[in-house]
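Written below as structure tokens is the structure these notes are about.
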Amino acid sequence: MPLRVLAISHPAVAAAYRRKFELIAREPGVQLRLIVPEAWREGTRLERFEAKNGCEWTVALPVVWQDYYARHMYRRGFARQFDSFQPHIVHMEEEPFSLCAGQTLWTLRRRAPNARLIFRTSVGMRIRLKPIAAPLLRAVERAVYRRASAAFALSETAARFLRENGFQGEARVFPNGVDTRIFRPLPAPERKRLRLSFGAPPDAFIVGYAGQLIPEKGVDLLLHALAQTPNAYGLIVGAGREEAEMKALAARLNLAERVRFTGSLKPQRVAEAMNAMDALALPSRTTPHWVEFFGRALIEAMACGAPVVGSDSGEIARVVDNAGLIVPEGDAAALADAIQRLQNDPQLAARLRENGQRRVQENYAWEKIAADTAEAYRAALDAP
């Protein structure tokens, strides 16, 4: 009898982030059903589920509060999936302190009481919740800890936080992954064409950023660093509440001709932007209520063959390892020095590029993560 796994994941609404489940569905002895939102708002971009060939195991359902990961719930059809599928394992890729986690627990109790529960978490510190919702969501979190057989943690820091926060089950480290069919190095002529399409001069050294334009990500530090590296060109991919402010800062720093803001792009276009980059920077800064939990753009850039420069916030140094340079967070001058090192030392850049591509294949390719996840399912079912 096949192992029936019911997975719940709002990030998997995007095809690029559904790749892991596509591979799990092919695992021998595993029958998968995946629940995703019909649509999900990420910053300013609305991602709608698009059925592709071979994803008949995916069910898209309507959600409420589709733009907030701790508050969203499925509006209808959720319990029906438990009834029709009768899962052995429920794999919840939602934080344990979320309304969706509470909905999953309630449905498990009523519709599949013998199923094993596995949840995924990215956080490695206590997240501040709105006071009106905090008591309910913390109660849900405690209930998830009691009910779950295992947890998939984004990093060792997140796994350690789970144990310190009272989780008694097994916590396995499963990092973010990357779809290497989309995020891959393109031939040199195509990369040159892409550089021109993003408005960069042919001989420019392009330093990119990809992610939300919010204070924690340190885009302002990158702009200050670019102001200190006169031959570098900036390519800022993403959107967010600081977009207008960052454009104004670029103008004040006389960078208007050397920095392009693309806005939010779909994954395929993000991969093209990363192929146009000579380096990607992620100068995140830690706050009392946030730290860089992983930095998905790092592994996407590494997969595309771009060396990376990151701050020492959170997990960045562990994700980068030998594939890039690490600078102190909040230090624009150090970031500028790292950019100039890559610009002036092609051999260093080439070595980091090779290290990054090797590191992605060994640690972050969805193929490896999917195989490890299927093995973890079997182990969870066999555990006492």
Side-chain angles (χ1 to χ4, degrees), residues 1-12 17-27 29-36 57-59 69-70 72 74 78-79 81-82 85-124 137 140-163 165-177 293-294 366 368-384:
M1 182 174 64
L3 173 60
R4 293 190 298 274
V5 177
L6 180 63
I8 304 157
S9 174
H10 76 265
Y17 306 138
R18 210 160 47 241
R19 174 64 172 166
K20 173 179 67 175
F21 292 108
E22 177 186 335
L23 294 164
I24 290 172
R26 299 177 188 172
E27 282 284 324
V30 174
Q31 184 179 351
L32 177 73
R33 183 172 297 181
L34 172 65
I35 298 175
V36 301
W57 34 265
T58 305
V59 178
Y69 72 94
H72 80 282
Y74 288 90
F78 190 73
Q81 300 305 318
F82 286 72
F85 194 62
Q86 285 299 299
H88 300 115
I89 289 177
V90 173
H91 174 189
M92 181 179 68
E93 290 209 327
E94 310 292 349
E95 291 294 345
F97 50 85
S98 65
L99 288 182
C100 186
Q103 183 180 29
T104 301
L105 282 178
W106 175 255
T107 310
L108 264 176
R109 183 177 299 171
R110 297 170 63 233
R111 308 298 180 107
N114 296 320
R116 303 293 177 95
L117 174 64
I118 298 173
F119 70 93
R120 188 173 189 269
T121 183
S122 62
V123 302
L137 296 183
V140 169
E141 181 181 46
R142 292 191 295 271
V144 170
Y145 283 6
R146 290 193 299 270
R147 178 65 173 79
S149 301
F152 294 165
L154 190 67
S155 64
E156 185 54 52
T157 300
R160 185 169 59 251
F161 176 76
L162 280 175
R163 301 182 191 106
N165 210 31
F167 180 62
Q168 300 296 315
E170 181 183 15
R172 292 193 178 204
V173 176
F174 278 85
N176 266 329
F293 297 125
F294 187 82
W366 280 134
K368 172 176 171 50
I369 293 173
D372 291 347
T373 302
E375 185 276 327
Y377 290 158
R378 299 182 183 100
L381 196 64
D382 293 339

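What you see below is based on every heavy atom in this structure, not just the backbone, and it leaves out hydrogens, waters and symmetry mates.
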Next on the checklist: Between V36 and T58, does the side-chain contact (heavy atoms from CB on, under 4.5 Å) criterion hold? Intermediate values first, please.
Outcome noted: CA-CA 7 Å; V36 301; T58 305; 3.8 Å; yes

Checklist entry - Are the side chain of R4 and the backbone of Q86 linked by a donor-acceptor contact shorter than 3.5 Å? => result yes

Item to check | Any L381 side-chain heavy atom under 4.5 Å of L3 side chain | outcome: yes

Checklist entry - Are Q81 and R33 close enough that a side-chain donor and a side-chain acceptor fall under 3.5 Å? => result yes

Item to check | Value rounded to 0.5 Å, distance of CD1 in I24 from CD in Q31 | outcome: 14.0 Å

Next on the checklist: To the nearest 0.5 Å, what is the distance between CZ on F21 and CG on L32?
Outcome noted: 7.0 Å

Checklist outcome for this item: For Y377, the side-chain hydrogen bond (donor to acceptor under 3.5 Å, both in side chains) test, sequence neighbours excluded, returns H91

Checklist entry - Of the non-hydrogen atoms in T107 and F82, which two are nearest, and what is the gap between them? => result CG2-CD1, 3.5 Å

Next on the checklist: Rounded at 0.5 Å granularity, tell me how far CH2 in W366 sits from CG in L23.
Outcome noted: 9.5 Å

Checklist entry - Got a donor-acceptor contact below 3.5 angstrom from the R116 side chain to the A380 backbone? => result yes

Next on the checklist: Taking H10's backbone N and O only, do any of them form a donor-acceptor pair with E94's side chain (distance below 3.5 Å, no angle check)?
Outcome noted: yes

Checklist entry - Checking side-chain contact (heavy atoms from CB on, under 4.5 Å) for the pair K20/K368: CA distance, chi angles, key distance, verdict? => result CA-CA 9 Å; K20 173 179 67 175; K368 172 176 171 50; over 6 Å; no

Next on the checklist: Using every non-hydrogen atom in the two residues, find where A115 and L108 come nearest and quote the distance to one decimal.
Outcome noted: CB-CD2, 3.8 Å

Item to check | Minimal non-hydrogen separation, A374 against E27, with atom names | outcome: CB-CG, 3.6 Å

Next on the checklist: Can you list everything that forms a ring pair (Phe, Tyr, Trp, His ring centres under 6.0 Å) with Y17? Sequence neighbours excluded, please.
Outcome noted: none

Checklist outcome for this item: Taken in chain and number order and not counting sequence neighbours, the residues that satisfy side-chain contact (heavy atoms from CB on, under 4.5 Å) with S155 are T157, A158, E315

Checklist entry - Can you say whether the rings of Y74 and H72 are parallel (under 30°), tilted (30 to 60°) or perpendicular (over 60°)? => result perpendicular

Checklist entry - Under 4.5 Å between any side-chain heavy atoms of F119 and F167, yes or no? => result yes

Checklist entry - Under 3.5 Å, is there a donor-acceptor pair linking the side chains of S122 and E95? => result yes

Checklist entry - Does the side chain of I118 come within less than 4.5 Å of F152's, by heavy atoms? => result yes

Next on the checklist: Would you say that T121 contacts P96 through its side chain, given a criterion of any heavy-atom pair below 4.5 Å between the two side chains?
Outcome noted: yes

Checklist entry - Would a line drawn from the ring center of F293 to the ring center of F161 be shorter than 6.0 Å? => result no

Checklist entry - Would you say the side chain of L137 lies within less than 4.5 Å of the side chain of S98, judging by non-hydrogen atoms? => result no

Checklist outcome for this item: Nearest heavy-atom approach of S9 to E93 is OG-OE1, 3.1 Å

Checklist entry - Can you find a heavy atom in the side chain of L6 that is under 4.5 Å from one in the side chain of I89? => result no

Item to check | Gap separating the CD1 atom of I8 from the CD1 atom of I35, nearest 0.5 angstrom | outcome: 5.0 Å

Checklist entry - Are there more than 12 heavy atoms of other residues, nucleotides or ligands under 6.0 Å from atom CZ of R163? => result yes

Checklist entry - Do the side chains of V123 and F97 get nearer than 4.5 Å, heavy atoms only? => result yes

Checklist entry - Rounded to the nearest 0.5 Å, what separation is found between the OG1 atom of T104 and the CG atom of L117? => result 7.5 Å

Checklist outcome for this item: Residue set satisfying salt bridge (charged side-chain N to carboxylate O under 4.0 Å, His left out) with R19, at least two apart, ordered chain then number -> E22, E367

Checklist entry - Who pairs with A143 by side-chain contact (heavy atoms from CB on, under 4.5 Å), at least two apart in sequence or on another chain? => result L105, R146

Checklist outcome for this item: Residues I369 and T373: closest non-hydrogen pair is O-OG1, 2.7 Å

Checklist outcome for this item: The salt bridge (charged side-chain N to carboxylate O under 4.0 Å, His left out) partners of R172 (sequence neighbours excluded) come to E170, E375

Next on the checklist: Would you compute the distance between atom OH of Y145 and atom CG of L162 and round it to the nearest 0.5 angstrom?
Outcome noted: 4.5 Å

Item to check | Pairing of D382 and R378 as salt bridge, 4.0 angstrom limit | outcome: no

